[in-house]
Novice: 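Got a structure here, written out as structure tokens. Questions coming.
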Amino acid sequence: MKEPSKMSRTAVLVEAALMVALAFALSAIPGIKLPRGGTISWFSTLPIIIFSFRHGLKWGLASATVYGILQAMQGMDSIFYVKTLAAMLLCALLDYILAYACLGFAGPIAGRFKNPTLGLVVGVGTTGLMRFVFSFFSGWIIWGPYTDTALPMWIYSLGYNATWCLPDVAIVLVAALLLSRVKALHILPQPAAVRS
């Protein structure tokens, strides 16, 4: 693979900034907020996933991590709701930084498939599942003392996080599939061999 020129790196960096800004703006559109955290948004993670499809792991992970940090800053009220410093740090890490950083893996996952549409579906689905896993562990480990339920906390966290995460991923997947039909947008992931 050729080393990108300074101009192409600058162009990718500008695209990353635009995609993070677009994702952050989309996250500000009121979605369906659940009472104890979690939001079904209007495909706010899609720009980050598309960027990962277009530029691979390094750039995708970097932009997704920046987006996760911005989301953590926006979600400070949730982070400060827990009482200990360790819980606050773990909440920021699991609910925001790692949960969003995993979106950067969409491109490498999708690139393993020769069929770009299948790659898109698997890339979006897998990163959505990864995000769900981080939210599940956060709910199970951190939010138990703040939740009034007779269920074991791991079951409650599994069900609760599924109620917002699965619809959110479904909305992103449908939007990605619709946008992929517009060839001029070039959002379909390319197999790894084509990108190299």
Side-chain angles (χ1 to χ4, degrees), residues 15-55 59-82 91-107 109-110 120-140 142-143 146-147 156-182 185 187-189:
E15 185 180 341
L18 289 171
M19 291 302 224
V20 169
L22 178 58
F24 197 68
L26 288 170
S27 75
I29 297 172
I32 301 168
K33 277 193 162 212
L34 272 67
R36 297 180 190 240
T39 302
I40 302 170
S41 69
W42 304 113
F43 45 84
S44 62
T45 58
L46 184 57
I48 304 299
I49 290 170
I50 291 171
F51 184 76
S52 178
F53 285 162
R54 290 170 47 83
H55 298 288
W59 287 102
L61 198 55
S63 65
T65 302
V66 168
Y67 181 61
I69 291 167
L70 290 173
Q71 286 297 315
M73 292 168 64
Q74 191 177 44
M76 283 295 188
D77 55 336
S78 295
I79 293 170
F80 288 132
Y81 187 81
V82 294
C91 177
L93 193 64
L94 290 174
D95 280 332
Y96 296 100
I97 298 170
L98 292 176
Y100 287 103
C102 67
L103 299 173
F105 288 96
I109 291 168
L120 181 147
V121 171
V122 174
V124 170
T126 303
T127 56
L129 178 62
M130 292 165 71
R131 191 170 161 217
F132 170 77
V133 168
F134 285 117
S135 296
F136 161 72
F137 278 113
S138 173
W140 185 17
I142 300 167
W143 295 101
Y146 309 98
T147 305
Y156 179 82
S157 181
L158 194 68
Y160 184 85
N161 285 298
T163 60
W164 70 266
C165 193
L166 296 179
D168 193 66
V169 172
I171 289 169
V172 170
L173 182 56
V174 168
L177 286 169
L178 290 174
L179 286 176
S180 73
R181 294 180 169 274
V182 182
L185 293 178
I187 73 155
L188 277 174

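Keep in mind that this is a model prediction, so the values were computed, not measured.
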Novice: Please name the pair of heavy atoms, one in Trp143 and one in Cys91, separated by the smallest distance, quoted to 0.1 Å.
Specialist: CZ2-SG, 3.8 Å
Novice: Given Ser63 and Met19, is the side chain to side chain contact (heavy atoms under 4.5 Å, CB included) satisfied, shown in steps?
Specialist: CA-CA 8 Å; Ser63 65; Met19 291 302 224; over 6 Å; no
Novice: Should the ring pair Tyr100 and Tyr96 be called parallel, tilted or perpendicular, given that the plane angle runs from 0 to 90° and is split at 30 and 60?
Specialist: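 Taking Tyr96 first and then Tyr100, their aromatic rings lie parallel (interplane angle under 30°).
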Novice: Looking only at heavy atoms, what is the nearest atom pair of Gly139 and Ser157, with distance?
Specialist: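 Closest approach of Gly139 to Ser157: CA-OG, 3.4 Å.
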Novice: May I have all residue pairs that pass salt bridge (charged side-chain N to carboxylate O under 4.0 Å, His left out) and include part of residues 15-24, sequence neighbours excluded?
Specialist: Glu15-Arg54
Novice: Taking all non-hydrogen atoms of both residues, which atom of Val121 and which atom of Leu173 are closest, and how far apart?
Specialist: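 Heavy atoms only, the tightest pair is CA-CD1, 3.8 Å.
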Novice: If you compare all heavy atoms of Ile171 against all heavy atoms of Ser41, which two are closest, and at what distance to 0.1 Å?
Specialist: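 Closest approach of Ile171 to Ser41: CD1-O, 3.9 Å.
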Novice: Would you indicate whether Phe137, at its atom CZ, is surrounded by more than 12 heavy atoms from other residues, nucleotides or ligands within a distance under 6.0 Å?
Specialist: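 Counting other residues, nucleotides and ligands, CZ of Phe137 stays at 12 neighbours or fewer.
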Novice: Scan for salt bridge (charged side-chain N to carboxylate O under 4.0 Å, His left out) pairs involving residues 160-172, sequence neighbours excluded, and state none if there are none.
Specialist: Arg131-Asp168
Novice: Does Thr127 reach the main-chain N or O of Val124 with its side chain, forming a donor-acceptor pair under 3.5 Å?
Specialist: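 Between the backbone of Val124 and the side chain of Thr127 there is a qualifying donor-acceptor contact (under 3.5 Å).
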Novice: Considering non-hydrogen atoms only, spot the tightest contact between Ser52 and Ala106 and give its length.
Specialist: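 Taking every non-hydrogen atom into account, OG-N, 3.6 Å.
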Novice: Does CZ belonging to Phe136 count more than 12 external heavy atoms closer than 6.0 Å?
Specialist: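 Yes - once you tally the heavy atoms of other residues, nucleotides and ligands closer than 6.0 Å, there are more than 12.
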